[in-house]
*Asks:* 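Please see the structure below; I have some questions.
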Amino acid sequence: MNQFKINPMEVPMIKTSAELRQAFLDFFATKQHQIVPSSSLVPGNDATLLFTNAGMVQFKDVFLGAEKRSYTRATSSQRCVRAGGKHNDLENVGYTARHHTFFEMLGNFSFGDYFKEEAISYAWEFLTQVLGLPKEKLLVTVYETDDEAYALWADKIGVPADKIIRIGDSSPDKKYESDNFWSMGDTGPCGPCSEIFYDHGDDIFGGPPGSPDEDGDRFIEIWNIVFMQFNRQADGEMKPLPKPSVDTGMGLERISAILQGVHSNYEIDIFQGLIQDTATLLNCDDLEHKSLRVIADHIRSCSFLVVDGVMPSNEGRGYVLRRIIRRAVRHGHKLEAQSHFFHQLVASLVKQMGDAYPELVSQQAVIEKILRIEEEQFSRTLDRGMALLEDMLTQLTGDTISGEDVFKLYDTYGFPADLTADIARERQLKIDHDGFDVAMKKQRQRAQQASQFATDYNEQLKTDKYTSFKGYTNDQFSATVIELFNSEGNVSQLSDGEQGVVILDNTPFYAESGGQVGDSGYIETSQGVFEVLDTVKVGNAFAHKGIARTTIQLNARVNAHINVERRQAIVKNHTATHILHAALRTVLGVHVTQKGSLVDNEKLRFDFSHFEGVTAKELKVIERLVNSEIRKNHQRDTELMPIEAAKAKGAMALFGEKYDDEVRVVTLGGFSTELCGGVHVNSTGEIGLFKITSESGIAAGVRRIEAVTAEAALEYIDNQEGVLTSIAHAVKSDVGNVTEKVDQLITRSKTLERELTKLKQQLAAQAGTDLLSEAITINGITCLIAELKDVPSKDLRGMVDELKVKMNSGIIMLATANEGKVGLIAGVTKDLIGKVKSGDLVNLVAQQVGGKGGGRPDMAQAGGSQPENIASALESVTPWLTERLN
């Protein structure tokens, strides 16, 4: 229930989350800010982050000075996910008023343009004039020594002194570690920040920031303004930045709650729509149920993660997605969901947020399918996992579930540790996180395969030289040797027969990049040649790796020649990958994104995101579509253009990559448009033919297609025809009728196999009947103890059944050996099982032939590995039975 209600007179005209989002962007657009679309939840080229978790992430390199933009002011509404790491807040989501896995961060940014005065003025103007929040409801914090920010708030804005709070460091030895001092890392850009809080009134528990009761809910932070004005050095020195910058963030959900007069973020319009639809779907009457909140939050993060190319898996980002999905499914289970429900909520999310994020609309069907598949997989183990957990809890002493048990639930039933922690908390219990981590570490050590890699000195090359690539239009080019390396390092010459690396100022050789392998060929000098085996990039230089066939010296003038035939085969495969990518998205869906590729002169390999195997029918459609585009002989069009223009043109970018402001766009007719720096054919007709050779899964949610083109495709087809012709000859048919002939032979073979099996069983039964002549009598009981020759173990059961019928009353112990393995069987008619059990009898013999076994009292089987002991083992049966049949 709401803990409070804002006075209706204080509530401004802007109320819905959509109106707020747009009002924020429009406001800063009037302040000459470039509206920048939300970037992907998967940070481009940033290994330090699992997900985009703040608005400044996409501008990180701009703040660091490593990237230039065409604007110096920006504003955005950035979608964010915070759900990774050991100490994440996932278990709190749904249970508190303001924890989320997915949220939107409104922000405005200055890259060396304006600074503190403008940032503070813009924030105050937007809050008090655009949103109409009462000034007396707002208070601010500044870093303790930031007198400039304090003066701006007090003198320019007019905030009363008692509502400007200085927040210092927690102790003298922790300088610059205050909540009001922000850092990008241990070194680099940093600076003080100023936070704006909203006062919900004295009827709500809590004190102002910096007070002992600051964790209460009365004063809620709504906006943080970071002033980047220093560059922290490794020794801790704070050097002023030449161009101080601004980075701000305001949570859309938090400010929406204030505007809509509610206390909890889950009571705002976006969440209320999702909660109501979830309750209707699950027939839940209690709209305050915490599980409804969890599910409403999780459908947002899961859907947007899928939109941005993340697929459920057992590692990295995919594992986080899987954890969130499974947590949502478990909460549906708590609400007694009768069927798979989670994927059905995508439609509700599209209704709530589709206008702001049209990618939700275009990928709705894909999101639904991925979530449904994952839900179905988890549902199959959920009940069994919960039963195991309940059993663990009944045996628990204390209030902590052991790390070993938490790991067992994870390893056997796919319960992430935080899901088990979520369930434990509902029972007022805890889990042993450290013990779980130890168990996980042991598993990884067991699973890790030892690998030895040779050291390649070329991987350690360092050079500041620059090579100009001339290979788009030339297959040979004159150049100067500007650097040489051998196994020792930088040298002035390479001798005849010596392996090394040549750096040129110009080259037609393509260096390995983007999946396309490097060119080979030769570098011609006045004295001979340097044989180029491969070409790779080292910084801005192209490293030609190979063997000197003569002496080659620094500063020599040379002519560089690529292997033209090899290059032509490579570019045909490369262009084919572009057509294949477009075909996959056409046939399978726009969720397909490139996950990796390898293009050489023999084949192409293309890895892509997809949630299930590609069917044979789909592969045929894809292959035909690619060949159709090849036959259309599209001219390859290449343009250099600004990145935003390329995106507007619909150019596909490599997933997770980051591109310069100006990019190279390769277009093939109207079918394929991609950002690519590689080399391609002039027209698609040069490819000739495309043939898929295999399709397989290589990781959760990632598939791989291998294919060949041109001459390699013809050779592949010739080989297949050769195999088909050989089969036709072998079955005495022609190629046109070979399928029918092979089907006939298979049918005939199966018929003969059934007849043969039947005859063997009859022979075995007859042999069993003949064995009765070998039966002996022990204390009036008929007993058959025998070793059989050339009788398969699988035939023993039928033989014993026949013998028991013929004996009417008796005991049977049979043994046989085939290919070094022992087969044993014991049979006892029902009138005698009170005296002798088949299991006891068969184990008597099995223990002597290196085996063990068991079964029913009237029939038991066993195996063994010591056929040489069969005779002596069977000799022990008679005295054993004599003792028991007295």
*Asks:* For Glu721, which residues count as a side-chain contact (heavy atoms from CB on, under 4.5 Å) partner, sequence neighbours excluded?
*Replies:*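 Result, side-chain contact (heavy atoms from CB on, under 4.5 Å) vs Glu721: Ile717, Asp718.
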*Asks:* Please report the C-alpha distance between Gln229 and Leu241 in whole Å, then the side-chain angles of each, then the deciding distance to 0.1 Å, and finally whether the side chain to side chain contact (heavy atoms under 4.5 Å, CB included) criterion is met.
*Replies:* CA-CA 5 Å; Gln229 64 184 101; Leu241 287 170; 5.6 Å; no
*Asks:* Using a 3.5 Å distance criterion without hydrogens, assess whether the side chain of His634 forms a donor-acceptor pair with backbone atoms of Thr684.
*Replies:*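 No; judged by distance alone, with no hydrogens or angles, the pair does not exist.
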*Asks:* Is Arg704 reaching over with its side chain to a backbone N or O of Asp607, donor-acceptor style, under 3.5 angstrom?
*Replies:*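 Flag not set: sc Arg704 to bb Asp607 has no pair under 3.5 Å.
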*Asks:* With rounding to the nearest 0.5 angstrom, report the CD to CD1 distance, Glu695 to Ile705.
*Replies:*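 If we round to the nearest 0.5 Å, Glu695:CD and Ile705:CD1 are 6.0 Å apart.
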*Asks:* Can a side-chain donor-acceptor contact be found between Ser487 and Gln499 if the only test is distance below 3.5 angstrom?
*Replies:*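 No donor-acceptor contact under 3.5 Å links the two side chains.
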*Asks:* Calculate, to the nearest 0.5 Å, the distance between atoms CD1 and CG belonging to Ile570 and Asn563 respectively.
*Replies:*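 CG of Asn563 is found 8.0 Å from CD1 of Ile570.
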*Asks:* Tell me whether Glu711 at atom CD has more than 12 heavy atoms from other residues, nucleotides or ligands lying less than 6.0 Å away.
*Replies:*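 Counting neighbours around CD of Glu711, 12 or fewer heavy atoms of other residues, nucleotides or ligands fall under 6.0 Å, so no.
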*Asks:* Please report the shortest heavy-atom distance between Asn573 and Glu602, naming the atom on each side.
*Replies:*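 Asn573 and Glu602 have their closest heavy atoms at ND2-C, 3.9 Å.
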*Asks:* Roughly how far, to the nearest 0.5 Å, is OG of Ser597 from CD of Gln516?
*Replies:*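 Here the interatomic distance stands at 9.0 Å.
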*Asks:* Please list all pairs meeting salt bridge (charged side-chain N to carboxylate O under 4.0 Å, His left out) that have one or both residues in residues 549-566, counting only residues at least two apart or in different chains.
*Replies:*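 Of all non-adjacent pairs touching residues 549-566, those that pass salt bridge (charged side-chain N to carboxylate O under 4.0 Å, His left out) are Glu531-Arg549.
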*Asks:* So Arg317 and Leu50, do their side chains get closer than 4.5 Å, heavy atoms only?
*Replies:*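 SC-SC contact between Leu50 and Arg317 confirmed.
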*Asks:* Is a side-chain donor or acceptor of Asn627 paired with a backbone partner of Phe690 at a separation under 3.5 angstrom?
*Replies:*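 Side chain of Asn627 to backbone of Phe690, a donor-acceptor pair under 3.5 Å: yes, one is there.
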*Asks:* Cationic tip of Arg664 within the cone over Tyr472's six-membered ring, i.e. under 6.0 Å and within 45° of the normal?
*Replies:*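 Flagged: Arg664 positioned over aromatic ring of Tyr472.
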*Asks:* Does this structure show an ion pair linking Lys632 with Glu629, if we count only N-O contacts that are shorter than 4.0 Å?
*Replies:*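 Looking at Lys632 and Glu629, the cut-off is met.
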*Asks:* At their closest point, which heavy atom of Gly55 faces which heavy atom of Cys80, and how far apart are they?
*Replies:*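 The pair with the smallest heavy-atom distance is N-SG, 4.4 Å.
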*Asks:* Any donor and acceptor pair, going by atom type alone, linking the side chain of Asp475 with main-chain N or O of Val564 inside 3.5 Å?
*Replies:*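 No.
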*Asks:* Within the 4.5 Å heavy-atom criterion, are Val246 and Phe115 side-chain neighbours or not?
*Replies:*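 Side-chain contact under 4.5 Å: yes.
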*Asks:* Give every donor-acceptor pair under 3.5 Å between a side-chain atom in residues 666-681 and any protein atom, sequence neighbours left out.
*Replies:*
{"residue": "Glu674", "atom": "OE2", "partner": "His581", "partner atom": "ND1", "Å": "3.1"}
{"residue": "His680", "atom": "ND1", "partner": "Thr575", "partner atom": "OG1", "Å": "2.9"}

*Asks:* Can you tell me how far apart OG (Ser526) and CD1 (Ile552) are? Round to the nearest 0.5 Å.
*Replies:*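 Here the interatomic distance stands at 9.5 Å.
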*Asks:* If every non-hydrogen atom of Gln78 is compared with every non-hydrogen atom of Thr52, which pair is closest and at what distance?
*Replies:*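 Here Gln78 and Thr52 meet closest at NE2-CG2, 3.5 Å.
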*Asks:* Roughly how far apart are His561 NE2 and Ser520 OG, rounded to 0.5 Å?
*Replies:*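 These two atoms lie 13.5 Å from each other.
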*Asks:* Would you please test Lys603 and Val708 for side chain to side chain contact (heavy atoms under 4.5 Å, CB included) and show each step?
*Replies:* CA-CA 5 Å; Lys603 64 185 180 303; Val708 287; 4.2 Å; yes
*Asks:* Is atom NZ of Lys649 surrounded by more than 12 heavy atoms (other residues, nucleotides or ligands) closer than 6.0 Å?
*Replies:*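 Enclosed: over 12 neighbouring heavy atoms sit under 6.0 Å from NZ of Lys649.
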*Asks:* Could you list the residues that satisfy side-chain contact (heavy atoms from CB on, under 4.5 Å) with Asn682, not counting sequence neighbours?
*Replies:*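 Listed in chain order: Arg636, Glu686.
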*Asks:* Does the pair Ile523 and Val532 meet the rule for a side chain to side chain contact (heavy atoms under 4.5 Å, CB included), with working shown?
*Replies:* CA-CA 7 Å; Ile523 298 172; Val532 180; 3.7 Å; yes
*Asks:* In this structure, which one of Phe181, Trp182, Phe230 forms a ring-ring contact (aromatic ring centres under 6.0 Å, His included) with Tyr176?
*Replies:*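 The passing option is Phe181.
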*Asks:* Using every non-hydrogen atom in the two residues, find where Phe59 and Tyr71 come nearest and quote the distance to one decimal.
*Replies:*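 Shortest heavy-atom separation between Phe59 and Tyr71 comes out as CE2-OH, 4.0 Å.
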*Asks:* Of all heavy-atom pairs between Leu619 and Ile692, which one has the smallest distance, and what is that distance?
*Replies:*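 Closest heavy-atom pair between Leu619 and Ile692: O-CD1, 3.9 Å.
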*Asks:* Flag the pair Thr693 / Tyr716 as yes when at least one side-chain heavy-atom distance between them is below 4.5 Å, and no otherwise.
*Replies:*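 The answer is yes; the side chains approach within 4.5 Å.
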*Asks:* Would you say the side chain of Val702 lies within less than 4.5 Å of the side chain of Met311, judging by non-hydrogen atoms?
*Replies:*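 Contact flag for Met311/Val702 side chains = no.
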*Asks:* Side-chain contact, heavy-atom cut-off 4.5 Å: Leu580 with Ile622?
*Replies:*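 The answer is yes; the side chains approach within 4.5 Å.
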*Asks:* Please examine the side chains of Leu484 and Asn486, heavy atoms only from C-beta on, and report whether any two atoms are closer than 4.5 Å.
*Replies:*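 They are not in side-chain contact.
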*Asks:* In the structure I gave you, are the side-chain heavy atoms of Cys190 and Met238 within less than 4.5 Å of one another anywhere?
*Replies:*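 The answer is yes; the side chains approach within 4.5 Å.
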*Asks:* Would you list the pairs meeting salt bridge (charged side-chain N to carboxylate O under 4.0 Å, His left out) in which at least one residue belongs to residues 498-519, sequence neighbours left out?
*Replies:*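 Those involving residues 498-519 are Asp519-Arg567.
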*Asks:* Can you name the one residue among Phe469, Tyr466, Phe509 that meets ring-ring contact (aromatic ring centres under 6.0 Å, His included) with Phe542?
*Replies:*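 Of the listed residues Phe469, Tyr466, Phe509, the ring-ring contact (aromatic ring centres under 6.0 Å, His included) partner of Phe542 is Phe469.
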*Asks:* Could you report the tightest heavy-atom contact between Leu504 and Thr467, atom names first, then the distance?
*Replies:*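 Result for this residue pair: O-OG1, 2.7 Å.
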*Asks:* Please work out whether the ring planes of Phe109 and Phe111 are parallel, tilted or perpendicular, with thresholds of 30° and 60°.
*Replies:*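 Correct class here is parallel.
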*Asks:* Using modelled atom types and a 3.5 Å cut-off, is there a donor and acceptor pairing between side-chain atoms of Gln493 and backbone atoms of Val491?
*Replies:*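 No; zero donor-acceptor contacts below 3.5 Å.
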*Asks:* Would you say the side-chain atoms of Thr463 and Glu483 include a donor-acceptor pair closer than 3.5 Å?
*Replies:*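 Yes, because at least one side-chain N or O of Thr463 sits under 3.5 Å from a partner of the opposite role on Glu483.
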*Asks:* With sequence neighbours left out, write down each residue that passes side chain to side chain donor-acceptor pair (under 3.5 Å) with Ser468, or none if nothing qualifies.
*Replies:*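 Expected list: Lys470.
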*Asks:* Measuring from Gln527:CD to Thr550:OG1, what's the distance to the nearest 0.5 Å?
*Replies:*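 Result: 5.0 Å between the selected atoms.
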*Asks:* Between Arg585 and Val590, is any pair of side-chain heavy atoms under 4.5 Å apart?
*Replies:*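 Heavy-atom side-chain distance check passes, below 4.5 Å.
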*Asks:* Please assess Arg79 against Leu41 for the test side chain to side chain contact (heavy atoms under 4.5 Å, CB included), listing each intermediate value before the final yes or no.
*Replies:* CA-CA 7 Å; Arg79 54 182 185 260; Leu41 287 171; 4.0 Å; yes
*Asks:* Is a side-chain donor or acceptor of Ser609 paired with a backbone partner of Thr593 at a separation under 3.5 angstrom?
*Replies:*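 Yes.
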*Asks:* Check this for me: Glu715, atom CD, are more than 12 non-hydrogen atoms of other residues, nucleotides or ligands nearer than 6.0 Å?
*Replies:*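 No, not enclosed.
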